[in-house]
Amino acid sequence: MSVFSDKIKNFFGIGKTLSGEVFEDLTDLLVEGDFGAAGAYRLADELKDACKKEKVADGEGARKILAKLLEAMLLKAKKAVPPEGGGLAIILLLGVNGVGKTTTAAKLADKMRGEGKKPILAAGDTFRAAAIDQLKIHGERLGVRVVAHQHGGDPAAVVYDAVEAAQAGGGDVIIADTAGRMHTKSALVEELKKIDRIVESKAKDARYIKYLVLDATTGRNALAQAEIFHQAVSIDGVILTKFDSSAKGGVVFSLAEDLALPVIFLCTGEKYGDIKPFDSKTYAEEFSG
Ligand code: GDP
């Protein structure tokens, strides 16, 4: 899957016998893979115990147990609210600038249109004129309606208009971009509370989902962002972008274990089709080589 999973595969390579040192080296490798020190120690210990219990003494056997332990970690995340289903869905994409929110909004719109839905893109990042323009370009390319206001406008008003457009028959899923101003947390929270109120008053029965977009190449920094956003506005799930490049991916396990946050989609490139649903079993198996 990645350069990093190849490292794990090589680590457990043919003929490896399991000594105490192996588990120490594995801890270092997991830390290198963005696992976090505490999680890496715990997992290496669990693996050591499991190998002992199951009388596994070879690398390949240990690697298989590791995949199972990793999958169990991912299952600690809460159940994701599916964007699919009847009625109106409102998907809010949150995250700091540059993580790929606007691109992901377009990818989701394309994906959902392909599934027979009628998406509306809402240009809720009114803070940056370029983000509004970018979303409009995507909308034109994809043939998807974009609801946008002026640069500097009220994001909640944009969502309000998008809900009106949907209710007038214009769509069944709203994908809203938002501003990524992490340095003013209280402003972000206020903005989102306002959007919450709009959704509550105008579309109470809608499936309202908040996805945090995180850049996989930022490693442990992504976890720090998730902690801040989750505490501020309670996130439903994560979309991990830029998984195509040098991303190692260990942070996904910390998201599940530390914050109970599920990853919903993995993005692996800049093209519209470069998005796929996240599957715990597949991810755990691929991560472990
Ligand atoms: P935003 O500021 O969060 O809205 O981020 P953008 O959507 O503008 O994306 C920032 C940059 O990341 C752009 O150059 C995108 O093309 C790029 N990008 C977004 N998603 C991916 C991805 O999954 N893989 C790669 N390689 N690049 C991505």
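All figures in this text were calculated on a predicted structure; none of them were measured in a lab. In each ligand, atom 1 is the first atom listed, and ligand 1 is the first ligand listed.
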Regarding ligand 1, does [X] bring an N or O atom to under 3.5 Å of one of the ligand's N or O atoms?
X      : answer
Thr104 : no
Glu270 : yes
Thr241 : no

Hey, does the Lys NZ or Arg CZ of Lys276 hover above the aromatic six-ring of Phe265, less than 6.0 Å from the centre and inside 45° of the axis?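 Pair Lys276/Phe265 does not count as cation-pi.
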So is Lys202 actually on top of Tyr160's ring, under 6.0 Å and inside 45° of the axis?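 Here Lys202 passes the 6.0 Å and 45° test against Tyr160.
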Check: Val99: heavy atom below 4.0 Å from ligand 1, yes or no?
Finding: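 Distance cut 4.0 Å: Val99 passes for ligand 1.
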Examine ligand 1 and decide if any of its atoms is less than 4.0 Å from a heavy atom belonging to Lys107.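 For ligand 1, residue contact (heavy atoms, under 4.0 Å) with Lys107 is present.
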Please check if the side chain of His151 supplies one atom and the backbone of Phe127 the other of a donor-acceptor pair under 3.5 Å. yes
Less than 4.0 angstrom from a charged side-chain N to a carboxylate O is my criterion; do [X] and [Y] meet it?
X      : Y      : result
Glu285 : Lys281 : yes
Asp125 : Arg128 : yes
Glu60  : Arg63  : yes

For ligand 1, which atoms sit closer than 4.0 Å to a heavy atom of [X]?
X      : value
Asn97  : 2 (O)
Thr103 : 6 (P), 7 (O), 9 (O), 15 (C), 19 (C)
Cys267 : 23 (O)

Check whether any side-chain heavy atom of Leu94 sits under 4.5 Å from a side-chain heavy atom of Val233, and report yes or no. yes
- Task: Report yes if the side chains of Asp177 and Leu121 come closer than 4.5 Å at any heavy-atom pair, otherwise no.
- Result: no
>> My understanding is that we take every heavy atom of each candidate and find the minimum distance to atom 21 (C) of ligand 1. Doing that for Gly98, Ala130, Gly269, Gly180, which one comes out nearest?
In response: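 Residue with the shortest heavy-atom distance to the ligand atom: Gly269.
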Quick one: look at [X] and ligand 1, take heavy-atom pairs under 4.0 Å, and tell me if it's side chain, backbone, both or neither.
X      : result
Asp244 : side chain
His138 : neither
Arg128 : side chain

